[in-house]
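Source: prediction; values computed, not measured.
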Amino acid sequence: MSDGVSKDRVFKPSTDLVVRDIEGQVILVPLSAGVGDLEAELFSLNETGKAVWERLDGHKSVADIIAELQAEYEDPEGEIEGHVEGLLAEFSKRRMVVDVAAQV
Amino acid sequence: MSEGVSRYVTVTELGRVLRPPTLGWLDLELTERCNNDCRHCCINLPLDDADARAGEMSTERIKAILDEAVDLGLLVLRITGGEPLVRDDFEEIYLYARRLGLSVILCTNARRVTPQLSRVFAEIPPLRPVQVTVYGMSEASYEAMTRRKGSFAEFRRGIDLLVQASIPLTLSGAFRPPYLEEMRALRDWAAELPNVVGTPNQVMFYDLRWRRESPSRNRSIAELRAVPEEVLEAGVLVAGHEPVTLEFCRKFIGPGGEKVFSCGIGQRPCVDEYSFLQPCDALRQPSLTYDLAAGSLRDAVTVAFPRLLDTRATDPLYLERCARCFLMGLCQQCPARSYSEHGVLDRPVEYQCEVAQAQARRMGLLKSGERPWEVNDWKERIACLTE
């Protein structure tokens, strides 16, 4: 498991950022100080990022999200699992998502 | 800022959003009232102006406009005035805008920055540097400009609070003779402050009153303007070098032609405090403003303002001079300034013309006695320039 993102974890978007849909693009705007971990104004997601982000509902586990994406997209190289884990590790590092279990 | 940070997430900025929103930038002028009383100002009204205050939009009206703007994809909100911090509801409006997912640029004199406001900025950062106008580097020079006793101390305290809270700042110097030399001190001070972004710029081209409501105020502003040579020297003091570069000349110098608006008019509109939308913050010609109470932000930015791009000059003097003048990219002439000076959009603004010609002579683009609208070999002259 890469970067400590185990498959049974459940994430949801942080309330410390604002999610904007602008002309079909997902734009993440940091709200509180420290979110994003960069002196950045905006973050945009590529198609992979968007596909994962849209599934972060606070109920689906990492394994659920991987399974959904594998059912929806062809994955001959077996890359989806790594992409999802890598992305969530990055979101987590930047405090853009929160682990639901950690909030209980 | 535009550097990608991973294969999934990209740090981005307004200009790099792949599909630009209908409205990317909006100026919000909260009030014309100000706690300073600068003679040079093109917009300010007294802090206790009851009529101005009574006419200002309510908090709820402002929120409704921001909601509409966000529906159009707004990303950057510049809050200006007057002095926006004189409104008691500033913090509420600011937080509302940030929670809508807007980046906010606050333009202020910093006198009313409080410990509470600096804490708010630290917790919910504006995402864009706070723009502070500096009127002098000493109490004497500052208060000669602001005409408010104690304003210098309040300004310095405001800056201290923003620095302590690590809020990024940009500084603009609004100095006038005999204090232009203070630009050097401002530049040095800005370099020492840990959270100042970039080098300060200098507000040199004092515009006449944008609303043309006071001929006497206009005469007073005109008297304060630095002569062209002082403007150029101040530009060097600010930048530390000649501010107009060869690259700039190659890109932007050339005759403007008959089109009145060559500036992207309407792309950064301004909501004034009375719920009217201007095509830009400086352009207050009543027939060009849009009453948001009677229409919609969408109609203004998608229908009404784009029509302005077709406007052609008719003023004979403009057609003889500005339309043919190769210094148009160097000159600060624009329809808003033409309106504030003459009441029409397309008449040469002599002060801007004199400054542009002085700049061109300094660079060797114009010979003494030449009139730039009569120069035909301007491309060759630019080609001969060296850094």
Side-chain angles (χ1 to χ4, degrees), chain A residues 2-3 5 11 13-56 65 69 77 79-97, chain B residues 1-25 66-67 69-78 94-105 118-129 165-169 194-195 197-198:
Chain A
S2 65
D3 300 316
V5 180
F11 293 97
S14 167
T15 54
D16 288 330
L17 52 78
V18 182
V19 185
R20 304 279 307 274
D21 181 338
I22 296 174
E23 304 289 326
Q25 302 159 98
V26 176
I27 306 289
L28 308 180
V29 183
L31 183 59
S32 304
V35 174
D37 201 26
L38 278 172
E39 289 181 2
E41 184 178 1
L42 308 170
F43 298 87
S44 58
L45 302 183
N46 69 4
E47 287 306 310
T48 305
K50 189 177 168 185
V52 175
W53 186 267
E54 288 171 344
R55 287 165 171 79
L56 296 174
I65 293 172
L69 292 174
E77 308 294 326
E79 292 178 327
I80 284 180
E81 183 174 332
H83 283 321
V84 173
E85 290 172 355
L87 182 56
L88 286 171
E90 183 170 327
F91 282 155
S92 189
K93 185 181 72 180
R94 297 185 187 285
R95 292 176 45 202
M96 291 172 156
V97 295
Chain B
M1 185 66 111
S2 59
E3 176 190 0
V5 295
S6 83
R7 58 197 300 188
Y8 317 108
V9 184
T10 306
V11 176
T12 188
E13 55 190 326
L14 180 59
R16 295 181 64 85
V17 174
L18 294 179
R19 290 179 290 281
T22 304
L23 177 65
W25 177 295
L66 293 179
D67 289 342
V70 165
D71 286 344
L72 297 176
L74 182 68
L75 288 166
V76 179
L77 179 72
R78 191 175 72 136
Y94 168 76
L95 289 173
Y96 190 81
R98 286 291 291 111
R99 288 173 180 140
L100 286 173
L102 297 176
S103 301
V104 173
I105 300 167
S118 64
R119 273 195 299 275
V120 168
F121 285 162
E123 289 166 13
I124 313 281
L127 300 183
R128 293 270 180 127
S166 301
I167 308 301
L169 305 175
N195 50 334
V197 179

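- Remark: side-chain polar atoms of B/Arg99 are not paired, donor with acceptor, to backbone N or O of A/Leu31 under 3.5 angstrom.
- What you find for B/Pro125 and A/Ala33 is that their closest heavy atoms are CD-N, 3.5 Å.
- Side-chain N or O atoms of B/Arg98 include none that pairs as donor or acceptor with a backbone N or O of A/Ser32 at under 3.5 Å.
- Between the CG atom of B/Leu23 and the CD1 atom of A/Ile22 there is a distance of 10.5 Å, given to the nearest 0.5 Å.
- Smallest separation of non-hydrogen atoms from B/Ser103 and A/Leu42: OG-CD2, 4.2 Å.
- B/Leu100 touches chain A through its backbone: at least one of N, CA, C or O sits under 4.5 Å from a heavy atom, while the side chain does not.
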